[in-house]
Amino acid sequence: MPDWAQLKIPEIDFQDIIYYSAPKQKPQLDSMDDVDPELVETFNKLGIPLEEQKMLAGVAVDAVMDSTSVKTTFKENLAEKGIIFCSISEAVQEHPDLVKKYLGTVVPPEDNFFGALNSAVFSDGSFVYIPKGVRCPMELSTYFRINAANTGQFERTLIIADDDSYVSYLEGCTAPMRDENQLHAAIVEIIALENAEVKYSTVQNWYPGNSEGIGGIYNFVTKRGLAKGRNSKISWTQVETGSAITWKYPSCVLMGDNSVGEFYSVAVTNNHQQADTGSKMIHLGKNTKSTIVSKGISAGKSQNSYSGLVKVIKRAENARNFSQCDSLLLGDKCGAHTFPYLTINNDSAQVEHEATTSKIGEDQIFYCNQRGISTEDAIGMIVNGYAKEVINKLPMEFAVEAQKLLQISLEGSVG
Amino acid sequence: MLSIKNLHASIEGQEILKGINLEVKPGEVHAIMGPNGSGKSTLASVLAGRDIFEVTDGEVTFQGENLLEKEPDERAKDGLFLSFQYPVEIPGVSMVNFMRAAVNEVRKHRGEPELKSSDFLKVLRDKKALVEIDSRLTNRSVNEGFSGGEKKKNEIFQMAMLEPKLSILDETDSGLDIDALRIVANGVNKLKTPENSTIVITHYQRLLDYIVPDVVHILYNGKIVKSGGKELALDLEKHGYDWIKKEMEA
């Protein structure tokens, strides 16, 4: 297991993990009254519509919100444009040429420990293909969210954007996900061909364990995009508030000349959570540009790290990178760490790195209180002000939910 | 409006306020003067509910209700406003959003509906003009990068926005040049009504040339040792605080 991250990972018995089981039918509940009140409260704070709440909590859903019919409508819309959006197992059956051509080309099986694990045992995930010249007419989020109720343990996602195409994809959900599987090791591969643009947004709110640090998801994810064609662009935006341990570095390999890579991240840790996250920007082509904006927020007894690499190879003329790594601390028992690596092998590169560390002071909270703003709202306001730059990159409807999510994740963290 | 009886407060076990008594009626302006370390700012902080101070004895009623059992934000919503001696910077939060949140909290508390954006912006414009604050300041983050004078004007601007019942101005004159002082004082005077009251905490007499108090109190060693009309401030200016010290020790 990789041991370089700033994480304390309890020993995992890999023999003790069930690597494939058919999606478990969660026990169906009869009404919202049977759902854990704490979960319902969070749903309400997030402003999630009742019907959607029922689905997420595993309550029998009536015919109006039958997800199969919604799914069909979306599918018809997408099919008209030639867009393929299906499960990866379906893609293996229906589109073997595309899968064979691209699967494992960005993250090969031998890439890293958790990547190997996923490559060996993944059973499902999502597949997206946007044909030449097509601009995907909707956020693939809407669709995904409806299907988000059963996320797999070893998910595999493959997104291919052909020449001159565009797609915005949102993974995850602001609603808290209660999952029995403790170990998650997913892989996401993105390929952007000439002039193509892929925007991939994540909101991750898996169970972080209780306030004593018992339980919670281990989230070991390999996400990488290959900006293969000239003028292609890959943009990662993530809001990470969940999981007991997060190990995740959405990266871009900027292969095409003039290609662009972006990484915008807000990672919140509270109680005993640990997060080690960041990005790698590998500049291979000429005139490639990358931007990294990472905002860590640590509270409670948590540890939050940024680990990143900017690499410019010898023939990558005129590469540019701007990195900004900020840390915000709440309280005095948490930690924030920054590990930025730069490997620059071409003199024409322009690389900038900025970093700040700040603290939400009691005096700031009191100032807000004195103007009639409650402590909870004050923290929400300060944190959202701090994370604004990243939140603004999210698709509109999720930006609002993500803001609330940040506030909820930090509730009770300042006395 | 405000009634303080035998108020004792300490910080880290050290007693700062040693039995304050004070009555403020609607429409009155009270000045509290005193040498450094006499407890002026502590009194302001205790009234606003800062929890680093512990109230060990006494009672405070504000508009007939027990002030000390309320949270700081409840006190603010009830109409108690503190103009900070050192206003705090909040990066990333724009003054406009901050004020909108504050104004709407206060309105909610009073049972009034939230202001529509257009109405809010109109009020904002009017109040900015009233206190002569540079209109660009409200687009910046709360107090961030403001000069000393701008911070103090910004406090008075917030006071204008929130229309408090009782305003406590904690050393609002410190660090101001004479022009800024006049602007701040004008703002306070314009906001004066027969219903609201003001407590002006100051070290120097000069602010009281502009904000004329009904009553002047001298705070010394955690107690109000002398109260009188506005001429008391002039006596103090003439004789200095040594006069009080001597009188107390005699």
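Below, chains carry the letters A, B, ... as their sequence lines are ordered, and counting in each starts from 1.
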Report task. Return yes if some donor-acceptor pair links the side-chain N/O of A:Gln370 with the main-chain N/O of B:Pro72 below 3.5 Å, else return no. Result -> no

Report summary line: Across all chains, not counting sequence neighbours, the side chain to side chain donor-acceptor pair (under 3.5 Å) partners of A:Asn321 are A:Ser290, A:Ser323

Query raised in the report: NZ of B:Lys151: more than 12 outside heavy atoms within 6.0 angstrom?
Result: yes

**Report entry** Pairwise ring-ring contact (aromatic ring centres under 6.0 Å, His included) hits with a residue in residues 42-84 of chain B, at least two apart
**Finding:** A:Phe366-B:Phe84, A:Tyr367-B:Phe84

Requested in this report: Please list, in residue-number order, every residue in residues 92-102 of chain B that has a heavy atom less than 4.5 Å from any heavy atom of chain A; write 'none' if there are none.
Outcome: B:Gly92, B:Val93, B:Phe98, B:Ala101, B:Ala102

Query - Trace of the side-chain contact (heavy atoms from CB on, under 4.5 Å) decision for A:Asp363 with B:Arg50 - result: CA-CA 9 Å; A:Asp363 54 344; B:Arg50 183 110 212 213; 3.8 Å; yes

Query raised in the report: Within a reach of under 6.0 Å around NZ of B:Lys128, are more than 12 heavy atoms found that belong to other residues, nucleotides or ligands?
Result: yes

Query raised in the report: B:Leu162 versus chain A, heavy atoms under 4.5 Å apart: side chain, backbone, both or neither?
Result: side chain

Query - Side chain / backbone / both / neither for A:Asp377 at chain B, heavy atoms under 4.5 Å - result: side chain

Query - Derivation of the side-chain contact (heavy atoms from CB on, under 4.5 Å) call for A:Thr375 and B:Asp73 - result: CA-CA 8 Å; A:Thr375 299; B:Asp73 55 319; 5.8 Å; no

Query - Which atom of A:Glu362 lies closest to which atom of B:Ile52, heavy atoms considered - result: OE2-CG2, 4.2 Å

Query raised in the report: What part of B:Asn104 lies closer than 4.5 angstrom to a heavy atom of chain A: side chain, backbone, both or neither?
Result: neither

Query - Over all atoms of both residues, closest heavy-atom pair of B:Ala76 and A:Gly372 - result: CB-N, 3.4 Å

Requested in this report: Examine whether an atom of B:Val142 lies under 4.5 Å from a heavy atom of chain A, and if so say whether it belongs to the side chain, the backbone or both; otherwise answer neither.
Outcome: side chain

Query - Contacting region of B:Pro164 [heavy-atom separation from chain A under 4.5 Å] - result: neither

Query raised in the report: For B:Lys122, does the NZ atom have more than 12 heavy-atom neighbours from other residues, nucleotides or ligands under 6.0 Å away?
Result: no

Query - Nearest atoms (heavy-atom pairs only) where A:Gln364 meets B:Ile90 - result: NE2-CA, 3.9 Å

Query - Contacts of B:Lys152 that satisfy salt bridge (Lys or Arg N to Asp or Glu O under 4.0 Å) - sequence neighbours left out - result: none

Query raised in the report: Between B:Glu71 and chain A, which part of the residue has a heavy atom less than 4.5 Å away: side chain, backbone, both or neither?
Result: neither

Query raised in the report: Within a radius of less than 6.0 Å around CZ of A:Phe322, do more than 12 heavy atoms belonging to other residues, nucleotides or ligands occur?
Result: yes

**Report entry** Straight-line distance of A:Cys368 SG to B:Glu105 CD, nearest 0.5 Å
**Finding:** 11.0 Å

Query raised in the report: In this structure, are over 12 heavy atoms from other groups packed under 6.0 Å from A:Lys289 atom NZ?
Result: no

Query raised in the report: Which atom pair, heavy atoms only, marks the closest approach of B:Gln158 to A:Arg371?
Result: OE1-NE, 2.6 Å

